[in-house]
Each structure stands twice: as structure tokens, then as C-alpha cells.
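Take a look at the structure below.
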Amino acid sequence: MSREQVSSTRIGLPALLWIPAGCALALVVLPIVGLVVRTDLAAFPSLITSPSALNALRLSLLTAAVATVLCLVLACPLAVVLARSRIPGIRLLRSVVLLPLVLPPVVGGLALLYLLGRNGFLGYLLDVVAGVRVPFSTTAVVLAQTFVALPFLVVSLEGALRTAGERYERVAATLGARPWTVFRRVTLPLLLPALGSGLVLCFARALGEFGATITFAGSLEGVTRTLPLEVYTLANTDVDAAVALSLLLIVVAVLVIALARPKAWEGAR
Amino acid sequence: MTEPALSARINLARDGFRLRVDLTARRGEVLALLGPNGSGKSTVLGCLAGLLRPADARITLGGRLLTGDRKLVPPHARGVGLLAQQPLLFPHLSVLHNVAFGPRCQGRSRSEANRLAAGWLSEVDAEQFADRRPSQLSGGQAQRVALARTLASEPELLLLDEPFAALDVDAAPALRTLVGTVLRDAARTTVLVTHDPLDALVLADRVVVMQDGAVVEDGPTREVLAKPRTGFTARIAGLNLVRGTARAEGVRTSDGTVLAGIASTELAGGAPAAAVFPPAAVAVRLMNTGDTDIADTMDATASPRNTLPAVVDSLEPYGPVIRLRAKAGADGPACVEGIIADLTPQAVAELELRPGRPVQLVIKATQVAVHPR
């Protein structure tokens with residue numbers, strides 16, 4: 001039996017699909033075009049380099065980065081537990097993890113506030129015991145972003161684990177690898193491609209976080225006012241600046257996807 | 001007889017399937033587990049490897065209790081290696097590091113593990129792939145590396161789960177040879193699951209046939225396949241096997257007879273080999289008849305033939321044909337012992353065949369496949 005190189009033929013696309021597909025694409029692209037058209041390009045450089053804008057950008061990048069690292073540390077073990085553990089009630093846990101994904105972010109922020117605020121039971125404890133107040137601090141921004149971004153990473157990692165199956169882990173075990181060695185030398189390396197794309201999604205979601213942040217952390221310049229919050233603040237007073245910063249957010253988002261996505265795809269064979 | 005190295009009693013029921021198996025294997029023995037699909041072979045392997053937890057089982061290996069008494073030694077601590085149909089090389093590691101994985105898990109240093117891995121790679125003739133990624137290997141190469149990886153973890157019990165089934169026809173014989181060499185070299189116990197009787201014929205010392213979750217036959221390979229008691233073995237056992245060493249033209253048996261055949265793969269002269277041919281390829285003619293007998297007139301322009309003197313041992317109806325079993329004559333070659341030939345009832349009548357009658361077995365060389373073993 002010889003294996004021949006054959007390329008499969010494509011089944012024709014129904015022409016009808018192009019219409020809704022085009023509409024969908026227009027829905028994504030046209031608003032951005034509108035924003036670009038509205039931008040005062042001559043004033044753009046000065047608008048995005050104003051001290052408050054730079055402050056917001058710096059804060060955004062910093063908090064989103066820390067939130068992404070936090071997600072990485074927390075989501076990896078959680079995804080492995082959800083995908084591999086056979087304890088009863090794991091299905092319920094799996095849906096609970098998805099909660100921040102479907103919850104309005106404002107509700108998430110409120111929930112965080114009533115957990116860690118001065119009247120929240122954990123917040124009260126922290127205040128009395130350690131003198132730590134979380135709300136309306138940069139830490140609160142990071143927590144809010146981690147809260148909303150975590151499910152993105154958990155879902156993409158868990159999906160990858162389920163697709164990969166336990167085959168390699170079983171082989172590793174028969175070769176004498178203890179569970180921790182299996183996790184470190186087989187499970188984790190095989191997750192890397194999914195981890196790449198998951199982290200990108202995670203970072204992008206953290207960067208764009210608004211609702212939970214404003215509820216839980218407020219909008220204090222230099223402390224909690226991230227780029228989306230700055231855009232919101234300016235939209236009421238200086239529309240040109242708001243539009244310019246929006247464009248900046250778009251550029252950053254596109255850059256993140258363009259830089260990190262292909263690497264993630266290459267890894268996924 | 002010495003204490004069996006492996007002893008397994010497995011009892012389980014799953015999805016309406018019931019498995020009851022009692023197995024033993026001596027140290028160094030190669031046990032083939034044969035049976036149709038769904039007979040429970042792979043389930044047995046899963047239990048031996050510790051990947052399945054049977055409801056009621058007792059498995060001991062070299063005096064250690066692996067499964068039983070409400071205890072299950074986890075797969076990594078069993079000393080049981082498994083080579084499956086798919087090589088499943090870790091895609092993120094180089095070939096060398098794949099093989100070094102087992103030694104590393106046993107606490108050897110990186111350099112020591114790499115050195116051992118290189119040794120095993122050369123053992124399976126794959127040292128030139130050491131720096132490659134698994135994705136750069138062909139199926140046969142990958143399975144060779146997977147074999148090296150399994151052996152490098154130095155298992156006390158080696159499980160082979162249809163290791164040649166996923167390979168193409170060119171790669172399978174070469175790997176079978178390799179496995180045969182490796183199995184003979186080491187004093188480790190092996191359980192080989194297969195549905196290909198050829199694997200059992202050339203590799204195994206003993207055959208256990210399973211059907212519907214139970215052992216239906218158990219005995220030395222040749223005995224089981226020579227005297228099949230179940231439909232499954234009868235179907236797969238319809239093959240003659242003559243062992244010997246490889247020669248350019250075929251196989252040379254220990255009594256000096258040379259059986260011409262077609263090599264299934266490239267074979268070094270003097271390497272252990274087995275000639276395999278179906279009973280229908282064996283024609284029978286009477287001794288001391290001239291050149292005008294049946295076989296010759298039938299095959300006037302035929303390919304080279306093997307003509308071996310023998311004596312009729314038995315004749316039994318076998319479906320629409322008569323199955324003749326041969327035995328060695330007083331001064332004929334010993335290798336004809338047990339060779340079977342399927343004849344039409346007319347031929348048996350015409351030749352007046354009966355047990356004890358000296359005959360000549362004529363086997364067309366083109367029908368004799370020479371396999372490494």
C-alpha cells in the first residue's frame with residue numbers, strides 16, 4: 001500500500017453565507033473606522049502624551065500584566081484539577097468558575113467590594129488584623145482584572161487538556177514518573193501552546209476591564225484610573241482626547257494579538 | 001518448575017462485559033495473548049499496568065503484590081513497561097530525551113540518563129535520530145524509539161499492546177525482528193497482545209487465547225496453533241511454521257534442510273528466521289513415482305519448489321477439504337514434523353493416502369514467506 005499525496009477538494013461555500021458573514025465583519029470593523037475618522041490626527045500625539053493619559057497607560061499595562069501573571073499562577077492548577085480530577089461535584093465547580101464570564105462586571109465589582117470592603121467579612125478581618133484596606137487601591141484594580149480574566153485562561157487550558165487526553169500522562173506513569181513529575185515534565189509542556197493564546201486573551205481582557213474596576217477600585221488618577229476609566233472620564237469633558245485614547249487602546253490590543261497569537265498557533269501542532 | 005514471575009487473577013465486569021482471567025508467566029518467558037477484538041486482551045494489559053482498577057484481582061510480579069488486598073500499586077511504581085500501538089513519543093522532547101525520560105524518573109543524573117538513552121537508541125538502530133523531534137520520524141522509526149524508551153525504564157514486566165498494528169506493511173517486519181532480538185536478549189517477562197498469529201508464531205514461547213473475557217486455550221505456541229481447539233485459533237492457526245536460520249534462498253533448519261522462500265524483509269544470513277506457509281501451498285505426492293506424477297504435470301512451468309520426504313501422520317476432514325498432518329520419516333528430515341496440507345477428498349482417494357504412508361511434500365517457494373524471529 002503506497003500512501004499518495006493528495007490534496008482534498010473544497011466543498012463549495014453557499015453564496016448566501018457571505019451576506020451575514022460580511023455583516024458580522026462590518027459590525028466589528030466599521031465602528032473602529034468611525035473612531036479613526038473622528039480622530040483629530042494632528043492633535044493625536046499631544047493628546048495621548050498628556051500626563052494623565054500616560055499615567056493611565058502605565059497603570060493599565062502594569063495592572064494588566066500583574067493580573068495576567070496572577071491568572072497564570074492560579075488558572076493552571078485549577079484547569080488541571082477541573083480536567084483531571086474525579087472528585088464528586090467537579091461539574092458544579094466547573095460552572096462556578098465560568099461565573100465571571102457571564103456576570104456583568106459591575107456585579108463582580110460589587111461582589112468584590114462586599115467581600116473585601118470595610119464592611120465585607122474578609123475586608124473587615126484584613127483591616128483589623130493587618131491594617132490592610134484593599135478597595136480603591138491599585139491592588140483592587142489587579143484583583144478586579146484577575147476576577148474577570150481568570151475564566152478565559154481556565155477555559156482555554158481545560159479545553160486543551162481535554163483534547164489532549166491522558167495518553168501521554170499514562171505513558172509517563174508507566175515509565176516511572178510520579179504524579180508531580182508527570183505534571184511538570186509532560187502535562188505542563190504540552191499545555192504551552194494553549195497557555196500562549198490563553199494568556200493573550202487574559203491580558204487583553206484585563207486591559208479592557210472597566211465595570212468591576214470602577215465599582216471596586218474607583219477612579220483615582222495614577223492609582224486606579226486605568227486607560228478605559230480615563231476614556232470614560234474624558235468622554236464627558238474632552239471628546240477629542242477620549243477618542244484618541246480609544247484609538248490607543250485599539251492599537252495596544254491589536255499589537256498584543258499580532259505579537260503573541262502567531263507564536264501560540266505555531267506551537268499548536 | 002520455578003515460581004512464576006508473573007501471576008495474575010483478574011475478575012471484572014464492565015458494561016455488560018465479564019472478564020475472568022488467570023495468567024502466569026515464568027521469568028524470561030514471552031507470552032502472547034491472542035484473541036478476537038473485544039475479547040478483553042487490552043483490558044488485561046490495562047490491569048497489569050495498573051491503569052485499570054479491577055473489582056477483584058490479585059496480580060503479583062517477582063514476589064511483589066501489585067494489585068490485590070484492596071491495594072493498587074500506582075503505575076509509576078510497578079516496574080511494568082507498556083508499548084502501545086501508537087508510539088506516543090512526547091512531542092516536546094527530542095528523541096534522546098524521550099528515551100532518557102525513564103532513567104531520569106528513576107533518579108539518574110541528566111548525563112547518566114542521556115548516556116543510557118543513547119545506548120538504548122543504538123540497540124534499536126535509531127541513534128541517528130537522537131536530536132530529532134518525534135514529528136520528524138516515520139511511524140516505524142517512532143515505534144522503534146518508543147520501544148527504546150520503554151526498555152530504558154528497565155521494566156520487570158514488558159507489555160506490548162499490538163505494537164505492530166499501526167505500522168505499514170514495510171515497517172512491521174523490521175520492527176518484529178527487532179522486538180524478537182530484544183526479547184531474546186533479556187531475561188525479562190513479556191506479555192504480547194496481538195490479533196496477528198504471525199506475531200505469536202515468531203515471538204512467543206507460549207500462547208494464551210482469549211474469547212469473551214475468558215481464557216479458552218493456553219499452551220506452548222506451536223502446540224496451540226498445531227492443534228486448535230477453538231474457531232478462532234483454527235482460523236488463525238492454518239499456517240505452517242518451520243524455524244531455522246536465514247539463508248539467501250530461504251530458511252535452513254537445524255537438520256540441514258533448506259526451505260526456499262521469499263523473505264518478507266531484508267535478513268542477514270544466519271539470523272534466526274521462520275518459514276511460514278499456508279496448508280493450501282503444500283502439495284502431496286507419493287514417494288518413488290516418476291516425473292509424470294500429479295504435482296509435476298500440474299506445475300510444469302512452476303517456480304522453484306521444495307520437495308521434502310515425510311510420512312502421513314493423520315488425515316482429518318476439515319470443512320470441504322481433508323487436512324493431512326505429516327511426521328518425519330525414519331531417515332527423512334525432522335523439520336516436516338507437524339506440517340499440515342489441505343487436500344481435496346479426490347486427491348486423497350487417488351493417491352490412496354493413509355497414515356504411515358511415505359509421501360513427498362511439495363511446497364512452492366513463492367508461497368513460503370520467510371520472517372525474522
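Just so it is clear: chains get the letters A, B, ... in the order the sequence lines come, proteins before strands, and each one is counted from 1.
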Under the side chain to side chain contact (heavy atoms under 4.5 Å, CB included) criterion, do B/Phe101 and A/Val186 qualify, and how do the steps go? CA-CA 10 Å; B/Phe101 189 92; A/Val186 178; 3.9 Å; yes
Anything under 3.5 Å between a donor and an acceptor, one on a side chain of residues 153-161 of chain A, the other on a protein residue two or more places apart or in another chain? List them.
{"from": "A/Ser156", "atom 1": "OG", "to": "A/Phe152", "atom 2": "O", "distance (Å)": "3.2"}
{"from": "A/Ser156", "atom 1": "OG", "to": "A/Leu153", "atom 2": "O", "distance (Å)": "3.2"}
{"from": "A/Glu158", "atom 1": "OE2", "to": "A/Arg94", "atom 2": "NE", "distance (Å)": "3.0"}
{"from": "A/Glu158", "atom 1": "OE2", "to": "A/Arg162", "atom 2": "NE", "distance (Å)": "3.0"}
{"from": "A/Glu158", "atom 1": "OE2", "to": "A/Arg162", "atom 2": "NH2", "distance (Å)": "3.2"}

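- Near-neighbour residues of residues 149-157 of chain B relative to chain A, defined by a heavy atom under 4.5 Å from a heavy atom of that chain, comprise B/Arg149, B/Thr150, B/Ser153.
- B/Leu93 touches chain A through its side chain: at least one heavy atom from C-beta onward sits under 4.5 Å away, while N, CA, C and O do not.
- Each of B/Ala77, B/Pro75, B/Gly102 has some count of heavy-atom pairs under 4.5 Å with chain A, and the biggest count is that of B/Pro75.
- For A/Leu16, the CG atom is loosely surrounded, since the number of other residues' heavy atoms within 6.0 Å does not exceed 12.
- By the side-chain hydrogen bond (donor to acceptor under 3.5 Å, both in side chains) test, B/Asp56 pairs with B/Asn11, sequence neighbours left out.
- Proximity to chain B among residues 165-184 of chain A is limited to A/Arg167, A/Tyr168, A/Arg170, A/Val171, A/Ala172, A/Ala173, A/Thr174, A/Leu175, A/Gly176, A/Ala177, A/Arg178, A/Pro179, A/Thr181, judged by heavy-atom separations below 4.5 angstrom.
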